[in-house]
Amino acid sequence: MSFIDAHTRVVTLLGYPIEHTLSPLIHNTAFQHQQLNFVYTASAVHPKRLNQAVAGLSALNMAGANVTIPHKEKVLPLLDELTKEAQAIKAVNTIIIDTNSETNQTVLRGDNTDISGFLKPLETYSSRLKNSSMVVFGSGGAARAVVYALLTRFSPEQCTIVARTPEKAEQLAQDLSSYDTKGSLQVCPLDAGHQKVRTSQLLVNATPVGMHPNISASVWPYPEDFHSQQIAYDLVYRPRKTAWLQTVEAQGGETIGGLEMLIGQAAASYYQWTNKEMPLQVVQQTVANYWNSSNSS
Ligand code: NAP
């Protein structure tokens, strides 16, 4: 597609602020590579105007939207339908707009592709992770998606949320208790997490610790707790390899950076709007080039 015309389908990101988002780069790279007549924009929507913005999606006959901070939870009551994932974690990051063939009415469906995006890089480890012990650092929105994904995909023996505000983690555990069929969810304050970290096969950082520009910070700065049988997965994607992942790697562990999840969740949204698989390598290369040219890690 070389120009925007009357047939162009529009997808937008609803967030506030949205200046640092990589989503337009990711999706427009894929649309152009596959010559799809779609365009992806970013819309700074003040929280007071979320209702109007969501109503505008169908009024403007848009193809769909992504939703990011601070609207992921507030958008739920504004939608017609929710997938079971969005319902379970009470957060939406993707809106799909369909037309009901019987009534000819538009239907806004909310989904959460953070869950499948998070699980994608873990596919190759699935036999190792089934029924194993896991630690999730953090108890915010991303931790909610991660804990749901781990419980439903791997039935862990233990899944411990290590959090600096244990009350929030307790609430998360309670909200997801119906998916915890083995009673494996536990909460642990940061200062008591060493034993859990040492005995876990998978460690997930769902906090912003280590994110650019604070790249020397580490969510768990204790090399003695890591070993070669562990997989460390950092949701932080900038830098691509955080200080924490470097420490785990130095102890022989395997690591996964957050860029894979970022592109994985984008690919799952993209598929729902276009019915096409995102060209992952092209997108990864474009993001890497963008970071190199903007002279950051
Ligand atoms: P959030 O809702 O603000 O939650 C952040 C969590 O981190 C909270 O539990 C917070 O604890 C904890 N935290 C913050 N600073 C901490 C510190 N210094 N030590 C210990 N815990 C700390 O944010 P979110 O939406 O969950 O996102 C978390 C991170 O994941 C962000 O860096 C985000 O960019 C990343 N993320 C990446 C992807 C991806 O595709 N790769 C997707 C989603 C999110 P309190 O509750 O005590 O404040």
Side-chain angles (χ1 to χ4, degrees), residues 13 15-23 25-27 66-75 85-86 89-94 111-122 135-150 160-173 175-176 187-193 197 203-222 232-245 255-270 278 280 283-284 287 291 297:
L13 171 68
Y16 196 83
I18 38 92
E19 281 74 22
H20 299 293
T21 180
L22 286 172
S23 295
L25 178 70
I26 291 172
H27 288 284
N66 276 138
V67 184
T68 189
I69 292 169
H71 303 316
K72 282 185 173 187
E73 291 90 26
K74 299 266 166 38
V75 78
E85 284 82 7
I89 64 168
K90 298 188 175 67
V92 160
N93 79 334
T94 303
D111 190 15
N112 197 306
T113 63
D114 280 339
I115 296 162
S116 59
F118 167 75
L119 287 173
K120 193 103 179 62
L122 293 177
V135 155
V136 178
F137 297 108
S139 55
R144 201 164 271 270
V146 166
V147 170
Y148 172 84
L150 294 176
T160 307
I161 307 167
V162 176
R164 74 172 175 188
T165 314
E167 307 78 59
K168 262 179 78 178
E170 293 285 2
Q171 184 63 52
L172 193 169
D175 290 348
L176 294 182
V187 170
C188 177
L190 275 179
D191 55 6
V197 172
L203 310 169
V204 181
N205 177 27
T207 80
V209 180
M211 188 164 71
H212 179 86
N214 302 315
I215 60 170
S216 59
S218 170
V219 69
W220 200 256
Y222 309 106
Y233 188 161
D234 202 332
L235 266 53
V236 171
Y237 50 82
R238 193 175 179 198
R240 285 190 76 168
K241 195 163 281 179
T242 57
W244 177 58
L245 292 187
T255 61
I256 303 168
L259 186 61
E260 289 189 62
M261 173 175 171
L262 183 75
I263 295 177
Q265 60 79 29
S269 303
Y270 184 89
M278 180 176 268
L280 297 179
V283 170
Q284 269 161 8
V287 173
W291 275 334
S297 24

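Note that the structure is a prediction, hence the values are computed from the model and not measured. Read the numbers this way: they start at 1 and go in the same order the structure lists the ligands and their atoms.
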Ranking Ala266, Ala143, Pro208, Gly138 by closest non-hydrogen atom to atom 5 (C) of ligand 1, top hit is Pro208
**Asked** So, is Ile69 polar-close to ligand 1, with some N/O to N/O distance under 3.5 Å?
**Response** no
Checking heavy-atom distances from atom 29 (C) of ligand 1 to each of Thr207, Val146, Thr68, the winner is Thr207
Measuring from non-hydrogen atoms of Ala163 to any atom of ligand 1, is the shortest distance under 4.0 Å?
no
One finds that the ligand 1 atoms under 4.0 Å from a non-hydrogen atom of Leu262 are 39 (C), 40 (O), 41 (N)
Within the 4.0 Å heavy-atom cut-off, what Ala206 brings close to ligand 1 is backbone
Can you check whether Leu190 has an N/O within less than 3.5 Å of an N/O in ligand 1? no
Checklist entry - In terms of the angle between their ring planes, are His27 and Tyr270 parallel, tilted or perpendicular, with boundaries placed at 30° and 60°? => result parallel
When distances are taken from atom 34 (O) of ligand 1, the protein heavy atom at minimum range is Met211 SD, 4.1 Å
protein heavy-atom neighbour closest to atom 46 (O) of ligand 1 works out as Lys168 NZ, 2.9 Å
Any non-hydrogen protein atom below 4.0 Å of atom 2 (O) of ligand 1? yes
protein heavy-atom neighbour closest to atom 43 (C) of ligand 1 works out as Ala142 CB, 4.0 Å
min-distance protein heavy atom vs atom 16 (C) of ligand 1 -> Arg164 NH1, 3.4 Å
min-distance protein heavy atom vs atom 9 (O) of ligand 1 -> Ser139 N, 2.8 Å
closest protein heavy atom to atom 47 (O) of ligand 1 is Thr165 OG1, 2.3 Å
(Q) Determine whether a donor-acceptor pair (N or O, by modelled atom type, separation under 3.5 Å) exists between the side chain of Asn66 and the backbone of Asn93. (A) yes
closest protein heavy atom to atom 8 (C) of ligand 1 is Gly140 N, 3.9 Å
inquiry  = Quick one: does any side-chain atom of Asp111 pair with a main-chain N or O of Thr113 as donor and acceptor, under 3.5 Å?
reply    = no
Of all the heavy atoms in Gly117, does at least one lie under 4.0 Å from an atom in ligand 1? no
Here the atoms of ligand 1 under 4.0 Å from any heavy atom belonging to Tyr237 are 41 (N)
Closest to atom 17 (C) of ligand 1 (heavy atoms only, candidates Thr113, Val209, Val219) is Val209
If you scan protein heavy atoms around atom 30 (O) of ligand 1, the nearest is Leu235 CB, 3.8 Å
**Asked** Do any non-hydrogen protein atoms sit less than 4.0 Å from atom 23 (O) of ligand 1?
**Response** no
